[in-house]
Amino acid sequence: MVIFESSMNKDRRKTILITGASRGLGFALTKQFISHQWKVVPLVRKNKDATALKRISESSCFPIISDITSNSVHSSIRESMSVHDGIDVLINNAGAGGSGRLLSETKPDEVLTLIDIHCLGALRVTQAVMPFMMNDGIVINISSRFGSISKISTGELDHVACSYSYRIAKAAQNMLTQCMCREFKDSGIRICSVHPGLLRTDSASVDADKTPEEAAEILLDKINSMEHGRFYSLFEGTIEW
Ligand SMILES: NC(=O)c1ccc[n+]([C@@H]2O[C@H](COP(=O)([O-])OP(=O)(O)OC[C@H]3O[C@@H](n4cnc5c(N)ncnc54)[C@H](OP(=O)(O)O)[C@@H]3O)[C@@H](O)[C@H]2O)c1
């Protein structure tokens with residue numbers, strides 16, 4: 001499946017595809033990688049966001065307009081790849097929060113919607129990008145401490161309110177990550193999950209204490225040393241699955 005080798009073109013620039021790049025962490029990551037001379041392919045839903053991103057750098061930023069809950073995201077990504085020379089890093093970052101915090105408040109439709117974004121969205125995008133991944137590339141699924149069944153089961157997060165739907169969707173995404181980790185263990189492509197920290201964004205939890213720019217800087221710093229199969233907490237170390 002992997003057709004791109006980093007040795008094929010010595011002049012090529014490292015290229016990253018980031019979903020959910022209109023705001024929050026995805027936007028901060030886009031700016032961070034552009035400022036370090038990467039080519040960035042940000043995926044956004046709205047024309048106005050693509051136009052704003054292109055204005056940051058015509059020569060380094062190549063937005064895709066698509067929705068990760070639509071099967072058409074596959075063809076949108078495939079078409080955009082014709083002008084790129086392989087993808088080094090895929091960051092499945094797009095996400096959304098939920099509302100019902102008790103069993104009695106939890107709406108099954110909201111659970112399905114969040115699984116569609118966090119788990120199936122990452123699945124669709126990764127399926128589309130994999131044929132274009134460099135043979136030493138990395139897939140990073142932006143997860144959450146709330147996706148850790150280990151953390152939820154010990155009760156250590158009981159003091160922070162979080163919806164059933166978000167916890168279930170992030171746990172489902174973590175299982176997707178682990179399934180891919182098993183399949184691609186000998187491929188050279190690294191796959192891991194990252195809890196990005198408690199960031200002051202539109203989806204922030206009440207205890208958020210970091211900026212998305214701080215998280216983006218750390219992620220870029222750590223990307224080369226990230227190991228296949230790990231669940232990282234950007235500001236702390238690793239997390240139990
Ligand atoms: N903030 C935190 O403290 C925190 C903590 C742990 C984990 N995370 C995770 O980190 C990631 C980024 O969070 P954030 O705080 O930066 O969120 P955010 O500011 O709310 O931004 C969410 C992004 O996802 C995009 N998005 C949502 N649904 C989409 C869809 N169906 N298709 C394409 N794009 C979609 C949004 O696009 P639009 O602008 O078009 O809506 C936006 O760009 C998420 O996965 C989140 O769960 C965040």
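First listed ligand is number 1; within each ligand, the first listed atom is number 1. Only this structure's heavy atoms are used, side chains among them; waters, hydrogens and symmetry mates stay out.
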Taking 4.0 angstrom as the limit, do [X] and [Y] come out as a salt bridge?
| X | Y | result |
| --- | --- | --- |
| D116 | R124 | yes |
| K31 | E213 | yes |
| R190 | D88 | no |

So which bit of [X] gets within less than 4.0 Å of ligand 1, heavy atoms only: side chain, backbone, both or neither?
| X | value |
| --- | --- |
| R145 | neither |
| H118 | side chain |
| P196 | side chain |

Under 3.5 Å, which donor-acceptor pairs do the side chains of residues 93-102 form with other protein atoms, sequence neighbours left out?
from	atom 1	to	atom 2	distance (Å)
N93	ND2	T19	O	3.0
N93	ND2	G20	O	3.1
S99	OG	E110	OE1	2.8

- Query: Is a side-chain donor-acceptor pair under 3.5 Å present for S150 with S148?
  - Reply: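 The answer is no; no qualifying pair exists.
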* N or O contact, K170 vs ligand 1, cut-off under 3.5 Å ->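 Yes, since at least one N or O of K170 sits under 3.5 Å from an N or O of ligand 1.
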Distance-only N or O hit between ligand 1 and S203, under 3.5 Å =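 So ligand 1 has an N or O lying under 3.5 Å from an N or O of S203.
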Which residue supplies the protein heavy atom nearest to atom 47 (O) of ligand 1, what is that atom called, and how far is it?
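The answer is Y166 OH, 2.6 Å.
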- When you measure from atom 44 (C) of ligand 1 to each heavy atom in D49, I142, L25, N93, which option holds the nearest one?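 That would be N93.
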| request: Report the member of C162, G197, A94 with the shortest heavy-atom distance to atom 26 (N) of ligand 1. | output: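 The option holding the nearest heavy atom is A94.
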For the side chain of R200 and the backbone of D209, is there at least one donor-acceptor N/O pair under 3.5 Å apart?
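Yes; judged by distance alone, with no hydrogens or angles, the pair exists.
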Among T126, N141, N92, exactly one meets side-chain hydrogen bond (donor to acceptor under 3.5 Å, both in side chains) together with T177. Which residue is that?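 For T177, the side-chain hydrogen bond (donor to acceptor under 3.5 Å, both in side chains) test succeeds with only one of T126, N141, N92, which is N141.
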### Ligand-side contact atoms (ligand 1) for residue partner H195, heavy atom cut-off under 4.0 Å
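Contacts of ligand 1 toward H195, numbered from 1: 6 (C).
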Of all the atoms in ligand 1, which lie at a distance below 4.0 Å from a heavy atom belonging to G20?
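That gives atoms 23 (C), 24 (O), 25 (C), 43 (O) of ligand 1.
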